[in-house]
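Excluded from the calculations below are hydrogen atoms, water molecules and symmetry mates; all remaining heavy atoms, backbone and side chain alike, are included. In what follows, residues are counted from 1 in the order of the sequence shown.
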Amino acid sequence: MAITFGQVKTWKAAPLGDAGDGLKADLRNLETSRDELEANGVAKSWTGAAADAARGHRDKLVTDLSNHITGKQGMQKALYSAETQVEAIERIVQGILDRAKTQEFTVGDDGSVTSTATPPTFHNRYEAEEWGTSRQTVAQELADDITDALAKAAGVDQILTDGIPTGTDQGLDQTRDQRGMASPETTERWAQLTDAERKAIIDQKIEELAKEYGVDVEDIVWDAQGSTNGYWSEDDHTVHLNPGNVDNPDILHTVAHEMRHARQYEAIDDNNDFQFWWEDDPFEMHEKDGITEEQAEEWEDNFDDYKSPDKDYDAYYNQPVEADARKSGREYLDNLTPAELDRLLKESK
């Protein structure tokens with residue numbers, strides 16, 4: 001669910017710094033305990049099989065403590081980083097509210113900007129138009145500042161999410177493993193874009209992947225519904241995407257994932273293609289990208305006996321074509337940068 005301006009108005013940086021300071025104190029105690037355990041957990045004079053077993057158990061505890069400390073250090077860093085960002089958001093929000101009040105506008109919790117000014121008496125049409133234009137300009141500047149604040153808020157949310165140590169939240173661990181996660185910087189940049197710009201980026205990425213994969217994409221259809229993120233239709237060579245997900249950069253995992261399915265079908269077709277000895281083998285382009293004939297055959301067998309998620313989710317999740325497509329989507333999203341988004345947007349024009 002997207003963060004609202006009403007929520008951002010209540011954000012305060014100080015509690016984040018306080019939480020970071022609290023973790024710092026915890027870390028000092030944990031590090032002291034770990035070092036004490038490592039140095040004195042088992043008496044040096046103790047020998048024999050039991051002593052060896054005790055030292056092995058101690059070493060495991062030291063490793064577990066070290067991993068726990070590393071996780072807390074990451075969270076502490078995230079809290080301090082978020083504190084700095086929220087301080088900036090507080091300044092932006094206060095500036096928006098002050099300017100809105102001065103210029104006779106109200107800002108709703110949904111981020112809408114409404115004029116409360118009473119129009120003056122105009123002596124001619126041009127004065128009226130000039131006044132209306134100036135009001136529209138201020139309203140748009142306020143709206144742009146609100147977009148900036150909300151984008152920074154989305155980045156802060158991702159900073160804190162990234163800081164949660166592995167093993168703390170099973171659902172988050174599954175998301176990291178299955179779909180990957182956009183960086184805070186990429187999340188913020190995506191939040192700054194309009195839906196039209198986001199769709200332009202998606203169109204451009206699909207076009208580039210289609211060219212790279214040797215796939216014909218006839219259309220991009222925004223008709224996936226509910227929990228369906230998207231799918232590739234081999235029957236008519238169309239990519240189907242869920243319009244409800246366009247505000248989340250995770251949709252770019254779906255793009256890479258579904259285009260990988262298109263590539264799988266293309267590899268199967270090229271592997272089965274007959275050539276005379278003097279003709280080029282179309283499968284060579286796939287081999288150059290690390291796809292083997294054995295993989296293509298495995299994918300073909302898998303598609304012939306495809307497991308649907310609504311019947312057996314584990315079988316669906318673990319089948320070769322899904323594991324491979326999920327890997328492509330995860331790697332793309334994990335490595336996506338704001339610069340790449342800007343490049344795609346520029347190329348789309």
Subject >> Whether Thr187 side chain and Ser183 backbone form a donor-acceptor pair below 3.5 Å >> reply: yes
**OP:** Return the minimal non-hydrogen interatomic distance between Ser66 and Arg34, and the atom names on each side.
**Re:** OG-CD, 3.1 Å
**OP:** Could you label the plane-to-plane angle of the Tyr316 and Tyr306 rings as parallel, tilted or perpendicular, counting under 30° as parallel and over 60° as perpendicular?
**Re:** perpendicular
Original post:
Looking only at heavy atoms, which two atoms of Phe283 and Ile291 are closest? And how far apart?
Top reply: CE2-O, 3.7 Å
**OP:** I would like to know whether Arg91 and Gln94 meet side chain to side chain donor-acceptor pair (under 3.5 Å); could you show each step before the answer?
**Re:** CA-CA 5 Å; Arg91 291 192 293 271; Gln94 192 57 55; over 6 Å; no
**OP:** Give a yes or no on whether Tyr317 and Trp299 share a hydrophobic cluster (residues Ile, Leu, Val, Met, Phe, Trp, Tyr; joining criterion: side-chain heavy atoms under 4.5 Å apart).
**Re:** yes
Subject >> salt_bridge(Arg263, Asp289) N-O dist < 4.0 Å >> reply: yes
**OP:** State plainly whether the residues Lys307 and Asp314 are in salt-bridge range, i.e. N to O under 4.0 Å.
**Re:** no
**OP:** Would you name the heavy atoms of Thr161 and Arg176 that are closest together and state the gap between them?
**Re:** O-NH2, 3.1 Å
Side-chain donor/acceptor pairs under 3.5 Å, residues 145-158, sequence neighbours excluded:
{"residue": "Thr147", "atom": "OG1", "partner": "Ala143", "partner atom": "O", "Å": "3.1"}
{"residue": "Gln158", "atom": "NE2", "partner": "Asp162", "partner atom": "OD1", "Å": "3.0"}

Original post:
Got more than 12 heavy atoms from elsewhere within 6.0 Å of NZ, Lys77?
Top reply: no
Subject >> Val217 and His237, any side-chain heavy atoms less than 4.5 Å apart >> reply: no
Subject >> His240 and Tyr231 aromatic ring geometry - parallel, tilted or perpendicular at 30°/60° bounds >> reply: parallel
Original post:
Do Glu90 side-chain atoms and Ala13 backbone N/O form a donor-acceptor pair below 3.5 Å?
Top reply: yes
Subject >> Test side chain to side chain donor-acceptor pair (under 3.5 Å) applied to Gln178 and His253, step by step >> reply: CA-CA 10 Å; Gln178 295 175 15; His253 167 105; over 6 Å; no
Original post:
How about Lys327: does its NZ atom have over 12 heavy atoms from other parts shown lying under 6.0 Å from it?
Top reply: no
**OP:** Please lay out, stage by stage, how Arg179 and Arg326 fare under the test side-chain contact (heavy atoms from CB on, under 4.5 Å).
**Re:** CA-CA 7 Å; Arg179 301 190 64 81; Arg326 200 164 52 245; 5.8 Å; no
Original post:
For Arg189 and Asp342, what are the C-alpha separation, side-chain angles and deciding distance, and is it a side-chain contact (heavy atoms from CB on, under 4.5 Å)?
Top reply: CA-CA 9 Å; Arg189 182 68 186 109; Asp342 290 338; 2.8 Å; yes
**OP:** Would you check if the side chain of Thr194 reaches a backbone N or O of Glu197 as a donor-acceptor pair within less than 3.5 Å?
**Re:** yes
Subject >> Glu208/Glu212 under side-chain contact (heavy atoms from CB on, under 4.5 Å): CA gap, chis, key distance, verdict >> reply: CA-CA 6 Å; Glu208 291 181 4; Glu212 178 185 346; over 6 Å; no
Original post:
What heavy-atom pair brings Ser233 and Asp236 nearest, and what distance separates the two atoms?
Top reply: OG-OD1, 2.8 Å
Subject >> Derivation and outcome, side chain to side chain donor-acceptor pair (under 3.5 Å), residues Glu300 and Asn272 >> reply: CA-CA 10 Å; Glu300 184 173 18; Asn272 291 331; 3.1 Å; yes
Original post:
Below 4.0 angstrom, N of the basic side chain to O of the carboxylate: do Glu284 and Lys288 qualify?
Top reply: no
Subject >> Same cluster (ILVMFWY, side-chain, under 4.5 Å), Tyr80 and Val86 >> reply: no
**OP:** Measure from the side-chain N and O atoms of Thr186 to the backbone N and O of Leu336, and report whether any donor-acceptor pair falls under 3.5 Å.
**Re:** yes
Original post:
Under 3.5 Å, is there a donor-acceptor pair between the side chain of Thr133 and the main chain of Glu129?
Top reply: yes
Original post:
CD of Gln170: more than 12 outside heavy atoms within 6.0 angstrom?
Top reply: no
Original post:
So, are Lys101 and Asp98 salt-bridged, with charged N and O less than 4.0 Å apart?
Top reply: no
Original post:
CD/Glu127 to CH2/Trp131 distance, rounded to the nearest 0.5 angstrom?
Top reply: 12.5 Å
**OP:** Starting from the C-alpha separation in whole Å, work towards a yes-or-no answer on salt bridge (charged side-chain N to carboxylate O under 4.0 Å, His left out) for Glu141 and Arg99.
**Re:** CA-CA 10 Å; Glu141 289 171 350; Arg99 188 180 185 195; 2.5 Å; yes
Original post:
What's the verdict on side chain to side chain donor-acceptor pair (under 3.5 Å) for Asn245 and Asn229, showing C-alpha distance, side-chain angles and the deciding distance?
Top reply: CA-CA 7 Å; Asn245 296 341; Asn229 294 312; 3.1 Å; yes
**OP:** Test Lys9 against Asp109 for salt bridge (charged side-chain N to carboxylate O under 4.0 Å, His left out), laying out the working first.
**Re:** CA-CA 8 Å; Lys9 284 194 302 183; Asp109 285 349; 3.0 Å; yes
Subject >> Backbone of Ile201 reached by a side-chain donor or acceptor of Gln204 within 3.5 Å >> reply: no
Original post:
Does Arg260 make a cation-pi contact with Tyr332, if we ask for NZ or CZ under 6.0 Å from the ring centre and within 45° of the axis?
Top reply: no
Original post:
Considering all heavy atoms of both residues, which atom of Trp190 and which atom of Val246 are nearest to each other, and what is their separation?
Top reply: NE1-O, 3.0 Å
**OP:** Examine distances only and state if a side-chain atom of Asp273 and a backbone atom of Asp269 form a donor-acceptor pair shorter than 3.5 Å.
**Re:** no
**OP:** Please confirm whether the backbone N or O of Gly230 pairs with a side-chain atom of Thr254, one donor and one acceptor, at under 3.5 Å?
**Re:** no
Original post:
Charged N to carboxylate O below 4.0 Å: is that the case for Lys60 and Asp64?
Top reply: yes
Original post:
Taking only residues two or more places apart in sequence or in another chain, which ones pass side chain to side chain contact (heavy atoms under 4.5 Å, CB included) with Ser112?
Top reply: Asp110
Original post:
Is there a donor-acceptor pair closer than 3.5 Å between any side-chain N or O of Gln140 and the backbone N or O of Thr137?
Top reply: no
Original post:
Can you hop from Met285 to Met259 via hydrophobic side chains spaced under 4.5 Å?
Top reply: no
Original post:
CG of Asp144 to CD1 of Ile96: how many Å apart, nearest 0.5 Å?
Top reply: 10.0 Å
**OP:** Any chance you could measure Thr166, atom OG1, to Leu172, atom CG, to the nearest 0.5 Å?
**Re:** 7.5 Å
Original post:
Given the rule that I, L, V, M, F, W and Y join up when any side-chain heavy atoms are under 4.5 Å apart, are Leu345 and Ile251 in one cluster?
Top reply: yes
**OP:** For Asp173 and Gly167, indicate whether the former's side chain and the latter's backbone hold a donor-acceptor pair under 3.5 Å.
**Re:** yes
Subject >> Atom pair NZ/CG of Lys205 and Leu341 - distance to nearest 0.5 Å >> reply: 10.5 Å
**OP:** Verify the distance criterion only: is there a donor paired with an acceptor across the side chains of His286 and Glu293 at less than 3.5 Å?
**Re:** no
Original post:
Can Trp222 be reached from Leu344 by stepping across I, L, V, M, F, W or Y side chains whose heavy atoms are under 4.5 Å apart?
Top reply: yes
Subject >> Pair Arg198 + Asp247, salt bridge at N-O below 4.0 Å >> reply: no
Subject >> Pairing residues for Arg28 by the salt bridge (Lys or Arg N to Asp or Glu O under 4.0 Å) criterion, not counting sequence neighbours >> reply: none
**OP:** List the atom of Gln264, the atom of Val321, and the distance in Å for their closest heavy-atom pair.
**Re:** NE2-O, 3.0 Å
**OP:** Would you please test Glu87 and Trp11 for side-chain contact (heavy atoms from CB on, under 4.5 Å) and show each step?
**Re:** CA-CA 9 Å; Glu87 286 174 347; Trp11 283 19; over 6 Å; no
